[in-house]
Q: 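Quick one: this structure, given as structure tokens, is what I'll be asking you about.
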Amino acid sequence: MDTMRLAVVLVTICAAGFSAAQNAITLPDDGTTRTNLGDDSILEYGYTTSEGSTMLFEVWKKMPSSGIANKANNGSFNIFAAWRGRAEPVGEASLKLFSVTKDDAGQYQLSTTFSDGTSDSKERTLIVQFAPEDTTVTATPGLIAKENDAQVVLTCQAGGIPAPTYTWTGPNLPSDAAQDPNTGTLTITNIQRGAAGQYTCTADNGTPQLPGDDPNALTNSVNLQVQYGPSSATITRDPADTVVQWSTVTLSCAVDTANPPATYTWSRVNGSLPTNTDEDKVAGTLRLKSVQPDAVGTYQCSASNGIGDPVTAMHVIDQVEEAPAPPGARVSAASVTGGVVAVLVFVILVAAFMLGRYLARHKGDYKTNEEKGDGEDADTALQNGDPNHPAVKKNKEWFI
């Protein structure tokens with residue numbers, strides 16, 4: 001008896017379930033389809049129908065308004081022109097897209113009108129997944145840091161669906177550097193010179209690249225420079241042994257290391273550099289040419305690259321061994337002496353000539369006794385002595 005009642009109850013429940021069926025479009029999942037770029041994709045739909053109902057009219061479209069296909073009275077599937085060769089029906093309601101592109105991503109809708117006059121519509125979202133691309137790296141505050149700076153942050157970003165995660169590598173990557181695989185940041189703190197070098201970011205989202213894609217699109221590398229000043233300097237001398245008069249001596253200054261390279265300045269303690277010297281601020285050399293005894297002294301090199309304090313080094317030349325002047329030096333000295341004497345003689349002669357000219361031109365006028373009134377002038381005297389003497393014109397005498 002109890003068994004009979006249970007069977008009746010189950011039959012009643014099943015009959016009620018079938019009678020309660022509604023006309024509707026169904027989705028077998030959460031309504032999201034994920035397909036890799038270039039692959040085929042199936043947009044799955046299904047139906048539930050009440051007893052005796054059929055699909056009267058069906059329309060598939062890409063939202064908001066791009067029609068793909070339709071079907072009437074369970075007849076043939078009609079593909080619209082823009083989608084021909086790119087879509088086909090699968091089963092009673094699903095749609096297959098061939099070789100999906102990034103532009104195919106979006107929402108797709110199936111709308112159906114049933115034979116009893118009811119209707120329904122459902123949407124699916126197509127996500128087109130593709131490998132990371134256009135990987136870029138930025139640096140804050142920049143790719144040139146100074147030793148002991150607080151920090152440098154490298155940030156990696158790339159396109160791709162789903163969102164990539166990031167991994168940083170580098171031969172000098174500090175062990176305490178902090179990486180965030182989701183944001184793509186690499187934070188290096190308390191910058192030291194050992195951190196300088198190449199850093200490479202690799203983006204990955206689990207989606208394979210398409211054949212022909214550039215593998216380099218997944219990575220990007222930058223070079224971090226760390227600038228620091230010199231810590232010490234040394235001076236060497238060539239020749240290293242005795243300094244001999246008339247020879248050339250080269251002092252060379254060098255620092256342990258510096259970035260950027262240091263420049264060098266030479267001086268002599270308690271005095272100026274000898275006149276016959278060549279100084280190279282880039283190479284750090286000081287050439288003392290035709291050394292004379294006055295080259296004795298303490299020479300100082302100062303090296304700096306603008307970072308930190310300059311470093312200095314000193315070198316003492318305590319003796320210059322006397323030596324006869326080489327032939328070239330004697331000829332040179334005699335030539336110089338002769339030239340100086342010739343110039344002096346020429347100057348004296350020119351001065352004497354100019355002085356003579358000046359004195360000759362500035363003798364001035366003078367008066368004779370006649371002009372002073374002390375006696376008759378010669379012409380008057382002649383006239384007075386000889387009444388027949390003709391008048392004589394007075395002339396002045398000029399000295400040139």
Side-chain angles (χ1 to χ4, degrees), residues 10-134 158-164 205-211 213:
L10 290 174
V11 170
T12 303
I13 292 174
C14 291
F18 283 115
S19 64
Q22 299 291 321
N23 293 329
I25 300 171
T26 61
L27 300 176
D29 49 30
D30 64 355
T32 301
T33 299
R34 292 175 173 81
T35 304
N36 290 346
L37 181 67
D39 289 349
D40 297 341
S41 179
I42 296 179
L43 307 177
E44 295 187 77
Y45 298 93
Y47 285 118
T48 61
T49 57
S50 60
E51 186 177 355
S53 293
T54 60
M55 282 69 74
L56 183 64
F57 189 73
E58 301 164 88
V59 176
W60 291 262
K61 67 179 180 179
K62 184 176 188 293
M63 299 296 286
S65 59
S66 176
I68 300 173
N70 62 15
K71 185 168 65 171
N73 295 319
N74 288 319
S76 62
F77 194 81
N78 178 37
I79 302 290
F80 298 156
W83 289 84
R84 286 173 189 163
R86 297 207 55 228
E88 69 177 18
V90 176
E92 63 176 356
S94 297
L95 186 69
K96 182 176 183 178
L97 302 180
F98 298 104
S99 302
V100 297
T101 67
K102 292 179 183 179
D103 291 337
D104 291 334
Q107 290 187 315
Y108 291 78
Q109 184 185 77
L110 170 61
S111 298
T112 302
T113 300
F114 297 92
S115 58
D116 64 359
T118 60
S119 62
D120 192 16
S121 64
K122 287 290 189 298
E123 293 179 354
R124 290 193 69 84
T125 298
L126 173 61
I127 297 175
V128 178
Q129 302 179 147
F130 55 94
E133 59 185 15
D134 301 326
I161 295 177
N205 64 358
T207 305
Q209 288 186 302
L210 294 177
D213 283 353

Q: Are the charged groups of Glu133 and Lys102 less than 4.0 angstrom apart, N to O?
A: yes
Q: Taking C-beta and beyond as the side chain, do Ile127 and Thr32 meet within less than 4.5 Å on heavy atoms?
A: yes
Q: For the residue pair Lys61 and Gly67, what are the closest heavy atoms and their distance?
A: CB-CA, 3.8 Å
Q: May I ask you to check whether Tyr47 and Glu58 show a side-chain donor-acceptor distance below 3.5 Å?
A: yes
Q: Can you tell me if Asp40 uses its side chain to pair, donor with acceptor, with the backbone of Ser99 under 3.5 Å?
A: yes
Q: Would you verify whether the NZ or CZ of Lys71 falls within 45 degrees of the ring axis of Phe57 while also being under 6.0 Å from that six-membered ring's centre?
A: no
Q: Between Leu56 and Phe114, is there a side-chain heavy-atom distance shorter than 4.5 Å?
A: no
Q: Is there a side-chain contact between Thr49 and Gln22 in this structure, where contact means two heavy atoms from C-beta onward sitting under 4.5 Å apart?
A: no
Q: Go through it in stages, so that I can follow the logic: the residues are Leu43 and Leu126, the test is side-chain contact (heavy atoms from CB on, under 4.5 Å), and I'd like the CA-CA distance, side-chain angles, deciding distance and then a yes or no.
A: CA-CA 8 Å; Leu43 307 177; Leu126 173 61; 4.3 Å; yes
Q: Of all the heavy-atom pairs spanning Ser53 and Ser115, show the shortest one and how long it is.
A: CA-OG, 3.4 Å
Q: Determine the minimum heavy-atom distance between Ala131 and Thr207, stating which atoms define it.
A: CB-O, 3.2 Å
Q: Side-chain contact test, heavy atoms from C-beta onward, threshold under 4.5 Å: evaluate it for Thr26 versus Lys122 and give yes or no.
A: no
Q: Does anything in residues 81-92 pair up under side-chain hydrogen bond (donor to acceptor under 3.5 Å, both in side chains), and if so which pairs, sequence neighbours excluded?
A: Ser66-Trp83, Arg86-Asp104
Q: Indicate the atoms forming the closest heavy-atom contact of Leu97 with Val100, along with that distance.
A: CB-CG1, 4.1 Å
Q: Are the side chains of Leu110 and Ser121 in contact, using a 4.5 Å heavy-atom criterion?
A: no
Q: Checking side-chain polar atoms at under 3.5 Å, does Thr118 have a donor or acceptor matched by the opposite partner on Asn23?
A: yes
Q: I'd like to know if the side chain of Asp29 reaches the main chain of Gly31, judged simply by a donor and an acceptor atom lying under 3.5 Å from each other, with no hydrogens or angles considered.
A: yes
Q: State, yes or no, whether a side-chain contact exists between Leu95 and Ile68 at a heavy-atom distance under 4.5 Å.
A: yes
Q: Using ring-ring contact (aromatic ring centres under 6.0 Å, His included) as the criterion, list what pairs up with Phe77, not counting sequence neighbours.
A: Trp60
Q: Within the structure provided, determine whether Glu123 and Met63 are in side-chain contact (heavy-atom separation under 4.5 Å).
A: yes
Q: Step by step, would you call Leu210 with Leu37 a side-chain contact (heavy atoms from CB on, under 4.5 Å)?
A: CA-CA 8 Å; Leu210 294 177; Leu37 181 67; 3.6 Å; yes
Q: Indicate whether any N or O donor in one side chain lies under 3.5 Å from an N or O acceptor in the other, for Gln109 and Ser111.
A: yes
Q: A side-chain contact here means heavy atoms from C-beta on lying under 4.5 Å apart; do Thr112 and Asp120 qualify?
A: no
Q: Run through Asp39, Asn205, Thr35, Asn36 and flag the one making a side-chain hydrogen bond (donor to acceptor under 3.5 Å, both in side chains) with Gln129.
A: Asn36
